[in-house]
Structures are given as C-alpha cells and as structure tokens.
Amino acid sequence: MKPQNVQQKAKKKKTKKKFVKSAQRDESLQAGPAPAKRAAPKVQVETKKKKKNDKAAVDMKPQNVQQKAKKKKTKKKFVKSAQRDESLQAGPARNEEDGVCVTAGSIADLLTDLTKVNNSRIRARKLFQWLIRPIPIEEFFKGTWEKKPVFVQRNNPNYYKGLFSTAEFDRILREETVQYGVNLDVTSYINGKRETHNPPGRALPFTVWDFYESGCSVRMLNPQAFSSTVWNVLSILQEQFGSMAGANVYLTPPGTQGFAPHYDDIEAFVIQLEGKKHWRVYNPRSEDEHLPVLSSPNFEQSEIGKPILDLVLEAGDLLYFPRGFIHQGNCLPDAHSLHITVSSYQKNSWGDLLQKVVPAALEIAMEEDVDFRRGLPLDYLTYMGVQHSDKEDTRRDKFLAHVESLLKKLPDYAPVDAAVDQKAQEFLHDCLPPVLTPGELATSVQGAPTRWEEGQVKHVGVHVTTQTQVRMLRAGCARLGSDGDTVHLYYTTENSRVYHKEELKSFEIQTEHTDAVEFLIHSYPDFVTVGSLPCDSAQNKIALAELLFEKGIIHTAEPLSSPQIV
C-alpha cells in the first residue's frame with residue numbers, strides 16, 4: 001500500500017475505535033421540554049438571601065435550630081438599578097460579534113435583522129439579549145440566572161408587539177384543531193381553590209370565549225405549534241440555552257386569577273404582551289426547594305410567607321424567576337392580561353447528568369475491577385444498617401472507609417462523554433425544527449426546484465460537485481453518536497413543531513464518512529467545498545454531501561441546479 005493509504009486506514013481504525021468504545025459505554029447508560037426616545041427601562045431585582053422556615057427545621061436538633069436562627073437575616077428591601085449604559089437603551093443594539101445591527105422595533109423587524117446573522121449561535125445570543133434588555137447577558141448569567149428574580153420595567157407597550165396577541169389566539173381557535181387538555185386548558189382560582197374546567201374534545205371559540213366571559217383563565221400549552229413567530233423565536237433561543245425552549249400563553253379576564261401559588265421546575269421568562277397583571281414572587285421555603293427537580297403542588301397562602309417581589313407587569317415588561325421561586329399572578333379589575341412564558345432548563349442539572357453517569361460507571365467498574373466484585377463481610381448485617389448506626393464499632397468505621405475508597409475509584413470508570421451524548425440526543429429530540437431564512441430556503445432541499453409542470457416532472461435531482469460549497473444548516477442541528485456497532489447521525493431538521501410527535505431522527509453513517517461529518521460540524525459557520533471533505537474518493541465525498549443535503553442537514557452557498565439532460 002502507498003504511505004497515504006496506510007495513514008488513511010489507520011485514521012479510519014482510530015475513528016471506528018473511538019465510536020465503538022463510546023458505544024460500549026453507552027450500552028451501560030441504556031440500562032440504567034425606537035422610534036421616539038423613552039424613559040430608560042428600570043430593573044428591579046430581589047436581593048440574594050438564604051432563608052429557612054419552621055417547616056424545614058422540624059428534623060433539626062435544637063442547637064442547629066438556634067444556630068440557624070442566629071444566622072437568619074432581616075429582610076432587605078428591593079434594589080432598583082441606576083440607568084444603564086445608553087447603548088442598552090431603547091433603539092438599535094449592536095453586537096460587534098457579527099457586525100449586524102439588531103433593532104428594538106417590531107418582532108418582525110427583529111427576526112428579519114437576525115436572518116442577516118451568519119452564525120446561529122450568535123443569532124441566538126442576539127435574540128436573548130433583546131429579550132432581557134437592558135441587562136447585559138454576561139451580567140445576567142453571572143448574577144441572576146438560577147439565583148434570583150428580576151423585573152424589567154420598560155414603559156414601552158410595543159416592545160414585544162407581534163410576538164403573540166389575543167387576535168392571534170382567536171384565529172388559532174377558529175382555524176386550527178385545538179384540543180382541550182392537549183393544546184389548551186381552562187382554569188380558575190377562587191377562594192383558595194384551583195380548578196380545571198376542560199370539557200372533552202375540540203376547543204372552539206363558542207365555548208372558549210364563554211369560559212373566558214365567565215371569569216376563567218385560558219392557557220395555550222404549545223403556541224409554537226400554531227404560531228410561526230413563536231416557533232421561530234423558540235427555535236432560535238434553544239441554541240442559547242442548549243436545552244429545549246418551550247412556551248405557554250396565558251389569557252386572564254379582568255379581576256380574576258387562574259392559578260394557585262406554586263413553583264415550577266423550569267427557568268421562566270414572563271413576557272407581558274397585553275394589559276397588565278399583578279405578580280407576587282416568594283423565596284423558596286427551604287434549601288430543599290432551591291432549584292427543585294419537580295414542580296410543586298398548589299400552596300395555601302398561609303404556607304408561603306410574604307412576597308419578595310410585589311409588582312404590576314404591563315405590556316412590554318419582563319419578569320424572570322428561577323425554578324423553585326413560588327409565584328402567583330392575578331388580574332386587576334380594570335384590564336385583562338395576555339402574557340407568554342418562555343421556559344427552559346427542565347431536567348438539565350448536574351444531577352440529571354450524573355443519574356446517567358453513576359449507574360453506568362458502577363457497571364463498568366464491576367466488569368473491570370475485581371475490588372468491586374469482592375464479597376461483603378460475612379457479618380456485616382450485625383453492625384451495619386440504621387438499627388446499628390448509633391453504635392460505636394470499629395467494624396463500622398472500617399466498612400465505611402472501604403465504601404469511601406471504592407467511591408473514590410468510581411470516576412475512573414465514569415463514561416462522561418457517552419452520558420453527555422445521551423443528554424445531547426434527548427435535547428435533539430426535544431428541539432423544534434429550524435425556521436429557514438429566505439437564503440437558507442433557496443439553498444436547501446426545502447427550496448429545491450423539483451416540481452410537476454406542463455405535464456411532466458422537472459428539475460429532478462441536484463447537481464453536487466467537488467467544487468460545491470456546503471455547511472451545516474445550524475450549529476447544533478446534528479450530532480454524531482453510536483448505539484453499539486454502528487455510528488449514527490442524529491438531527492433535528494425533520495422534527496415536528498409538536499413536542500415529541502416524531503421519534504428522534506437518525507441514520508447510519510459509514511465509518512469512512514465519520515471524519516467528514518465531524519469536519520463539517522467543526523467548520524461551521526464557514527462553508528467548505530465538497531472536495532475538501534476527508535473521504536477516500538470524490539465519489540464518496542459527493543455521495544455524503546447528497547445524503548446530508550436530502551436530509552436538510554446541510555445547505556449550499558449558492559442554489560443548486562438540476563443536472564442537464566443530454
């Protein structure tokens with residue numbers, strides 16, 4: 001063999017070994033969601049504090065209760081920030097990362113500006129910056145995210161105009177098939193009692209608006225399935241979070257409340273679209289309820305103490321609160337309320353990752369390390385267990401020390417990359433499909449000119465050559481992974497706008513193509529020629545590019561022409 005062929009064979013063998021090894025570990029894992037100048041936006045934050053209530057202290061020893069009481073601080077008043085840098089005031093906002101000016105006008109103008117941004121990750125960052133202005137992104141994620149609520153008062157009722165509206169809500173009821181309990185809930189909260197009033201079947205305007213007139217709140221559970229604007233916004237934002245971005249829309253009649261006090265298991269961005277709403281936000285009741293794994297049941301007013309934020313959200317305002325912060329909102333008598341809550345980071349904690357890693361690490365350790373397979377002491381039941389936990393016994397000390405030594409060895413067997421790949425596959429399954437820009441539509445399979453015309457099919461196929469320039473459609477739209485003996489490419493471009501309506505999409509990638517797919521993923525956002533793909537032959541390069549193009553995973557720098565008929 002020629003030297004270069006030997007090198008190529010060696011490289012293929014290394015690539016295959018990498019994915020097979022990952023797959024073997026993955027098997028262990030398998031077992032175990034400005035025109036006119038305006039006043040500067042005001043930002044109100046909750047001052048960080050730690051607080052324990054009496055309920056959390058029930059199981060503590062007396063001295064611990066006293067120590068906690070001594071450490072308890074008096075409640076601090078809210079802090080309002082001074083006016084921020086004028087570059088963050090109403091008007092154009094420029095992000096030098098891409099050199100594209102993103103305006104603070106209508107949502108339609110904003111989304112049009114974002115189509116000019118070449119990199120989908122930068123596009124997501126710009127959209128998120130618009131969402132939380134005037135708070136800088138770095139400041140938000142360093143000091144606010146997962147830590148405390150924040151209220152942005154803009155005095156600009158048109159800031160979020162065009163994202164969603166009551167008129168759009170009505171159109172959806174009339175034109176789309178909306179099902180009670182699936183797409184829409186009817187709720188009320190009266191005299192401390194929370195009720196859901198969903199009848200069976202389709203939600204039609206005749207019944208929905210009658211509920212509303214009777215004082216019930218209406219919640220749309222997945223507006224992205226019906227609103228192209230909400231779909232577009234969420235599909236962009238999911239790249240900012242690296243986690244599914246979802247949304248609910250809430251329409252509440254004047255003078256009513258639709259939900260009891262509770263906390264959620266998501267990071268919540270409450271965007272006021274119409275009218276106004278009175279909100280109260282409360283600290284987590286104990287350390288156990290900080291960043292909870294699950295949402296809470298409904299609380300009685302007597303269980304939640306006094307609010308740390310008590311405010312009125314008006315159109316154009318934003319309220320963010322982390323998971324675990326109790327909240328409730330009620331409409332004032334003089335106005336209805338329409339808001340949309342954008343959410344993310346559900347089940348995306350270190351603990352969620354370790355739930356995959358630790359059982360798999362233990363299984364691998366037992367296969368590879370005899371220390372994990374040695375038998376327990378014959379008499380361990382005579383000194384271990386809760387009934388023996390208060391006894392002084394050197395055998396207990398020795399037993400616990402041995403457990404600790406085994407746990408210290410466990411990270412050596414932890415399949416962290418394989419677990420992350422599993423989390424990534426779950427994320428890809430959760431993802432909304434990308435909304436294509438006009439340029440992407442013209443250069444992707446969705447815009448291919450193939451059609452029936454004048455009694456025959458025209459423009460069949462596309463003409464890909466080694467000179468064709470291609471790139472991934474989005475930074476995170478596809479990812480390599482393995483399920484055992486084969487390598488698969490998982491992708492989002494054929495996902496549904498309805499959560500998990502479709503199975504996770506993937507197809508097998510030949511071993512000789514894995515390096516080329518990695519090359520495409522790592523090259524984003526740059527275009528590369530098909531001829532530069534690290535495959536054995538021009539035929540293989542073109543075949544891979546055609547496959548990825550047909551799946552909508554890549555697009556070309558220029559629209560492709562169909563092959564000429566000779």
Side-chain angles (χ1 to χ4, degrees), residues 33 44-59 72 75-76 78 132 140-141 143-152 185 187-190 192-196 217 219 221 241 243-250 252 257-272 277-313 317-331 337 339-352:
Q44 184 174 335
V45 299
E46 182 272 330
T47 308
K48 185 177 179 182
K49 53 184 149 322
K50 294 188 176 181
K51 181 180 178 181
K52 291 272 187 178
N53 68 353
D54 294 338
K55 182 178 178 181
V58 169
D59 295 328
K72 187 175 180 181
K75 199 168 206 176
K76 296 181 180 179
F78 308 133
I132 65 170
F140 177 82
F141 283 110
T144 303
W145 176 253
E146 293 190 320
K147 296 181 179 70
K148 60 189 177 185
V150 64
F151 167 48
V152 179
D185 285 331
T187 68
S188 65
Y189 179 68
I190 302 173
K193 186 178 182 181
R194 157 79 163 82
E195 291 187 278
T196 300
S217 290
R219 172 174 65 180
L221 300 171
F241 296 122
S243 174
M244 186 190 80
N248 287 341
V249 168
Y250 299 82
T252 311
Q257 182 169 335
F259 295 87
H262 67 282
Y263 62 71
D264 295 312
D265 60 347
I266 46 90
E267 302 299 297
F269 298 85
V270 178
I271 300 168
Q272 191 70 23
K277 199 166 198 176
H278 172 219
W279 283 88
R280 284 164 287 174
V281 181
Y282 308 76
N283 265 328
R285 300 179 305 166
S286 69
E287 285 294 331
D288 292 342
E289 293 181 357
H290 275 269
L291 304 178
V293 175
L294 299 173
S295 296
S296 74
N298 295 328
F299 292 123
E300 300 289 339
Q301 297 291 338
S302 59
E303 296 179 278
I304 58 179
K306 294 181 180 180
I308 56 171
L309 287 180
D310 192 328
L311 48 89
V312 174
L313 230 61
D317 293 346
L318 172 74
L319 173 63
Y320 160 80
F321 44 82
R323 53 196 190 275
F325 279 77
I326 301 167
H327 53 278
Q328 60 179 323
N330 66 283
C331 263
S337 169
H339 79 264
I340 184 170
T341 297
V342 173
S343 62
S344 191
Y345 252 54
Q346 187 179 50
K347 300 187 184 305
N348 205 43
S349 68
W350 283 102
D352 291 303

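In this text the structure is predicted, and so the values were computed from the model without any measurement.
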Given side chain to side chain contact (heavy atoms under 4.5 Å, CB included), test Glu146 with Leu291 step by step and report yes or no. CA-CA 7 Å; Glu146 293 190 320; Leu291 304 178; 3.9 Å; yes
Hey, could you give me the CZ/NZ distance between Arg323 and Lys347, rounded to the nearest 0.5 Å? 10.5 Å
If you take all heavy atoms of Leu309 and Pro149, which pair is closest and at what distance? CD1-CB, 3.6 Å
Is a side-chain N or O of Thr187 found less than 3.5 angstrom from the main chain of Gly258, in a donor-acceptor match? yes
Parallel, tilted or perpendicular: which one describes the rings of His339 and Trp279, with boundaries at 30° and 60°? perpendicular
Side-chain heavy atoms of Tyr345 within contact of Ser343, under 4.5 Å: no
Verdict with supporting geometry, Tyr320 and Val270, side chain to side chain contact (heavy atoms under 4.5 Å, CB included): CA-CA 6 Å; Tyr320 160 80; Val270 178; over 6 Å; no
Between Phe321 and Lys148, does a side chain to side chain contact (heavy atoms under 4.5 Å, CB included) hold up when you go through it step by step? CA-CA 6 Å; Phe321 44 82; Lys148 60 189 177 185; over 6 Å; no
Can you list the steps and then say if Asp265 with Ser295 is a side chain to side chain donor-acceptor pair (under 3.5 Å)? CA-CA 5 Å; Asp265 60 347; Ser295 296; 3.1 Å; yes
Does the side chain of Tyr189 come within less than 4.5 Å of Glu195's, by heavy atoms? no
Got Tyr282 and Phe299 here, is their nearest side-chain heavy-atom distance under 4.5 Å? no
With a 4.5 Å limit on heavy-atom distance, are the side chains of Gln346 and Glu267 in contact? no
To the nearest 0.5 Å, atom OG of Ser217 lies from atom OH of Tyr250 at 10.0 Å
Report yes if some heavy atom in the side chain of Val342 is under 4.5 Å from a heavy atom in the side chain of Asn248; otherwise report no. no
Report yes if the side chains of Val152 and Ile132 come closer than 4.5 Å at any heavy-atom pair, otherwise no. no
Heavy-atom donor-acceptor pair, His290 side chain to Pro284 backbone, under 3.5 Å: no
Can you find a heavy atom in the side chain of Cys331 that is under 4.5 Å from one in the side chain of His278? no
What residue pairs, at least two apart or across chains, pass salt bridge (charged side-chain N to carboxylate O under 4.0 Å, His left out) with a residue in residues 290-301? none
Hey, could you give me the CG/CZ distance between Asp317 and Phe151, rounded to the nearest 0.5 Å? 4.5 Å
Quick check for you: to the nearest 0.5 Å, what is the distance between Asn330 atom CG and Ser337 atom OG? 10.0 Å
For Tyr263, is there any backbone N or O sitting under 3.5 Å from a side-chain donor or acceptor partner on Ser296? yes
If you apply the rule side chain to side chain contact (heavy atoms under 4.5 Å, CB included), what do you find for Thr341 with Phe269, and how did you get there? CA-CA 5 Å; Thr341 297; Phe269 298 85; over 6 Å; no
Could you measure the distance from the CZ atom of Arg194 to the CD atom of Gln328? Nearest 0.5 Å is fine. 13.0 Å
Do Pro297 and His262 have side-chain heavy atoms sitting under 4.5 Å apart? no
Closer than 3.5 angstrom, by distance alone: can the side chain of Asp310 be matched with the main-chain N or O of Pro307 as a donor-acceptor pair? no
Atom pair CG (Asp264) and CD1 (Ile326), whose distance is rounded to the nearest 0.5 Å: 11.0 Å
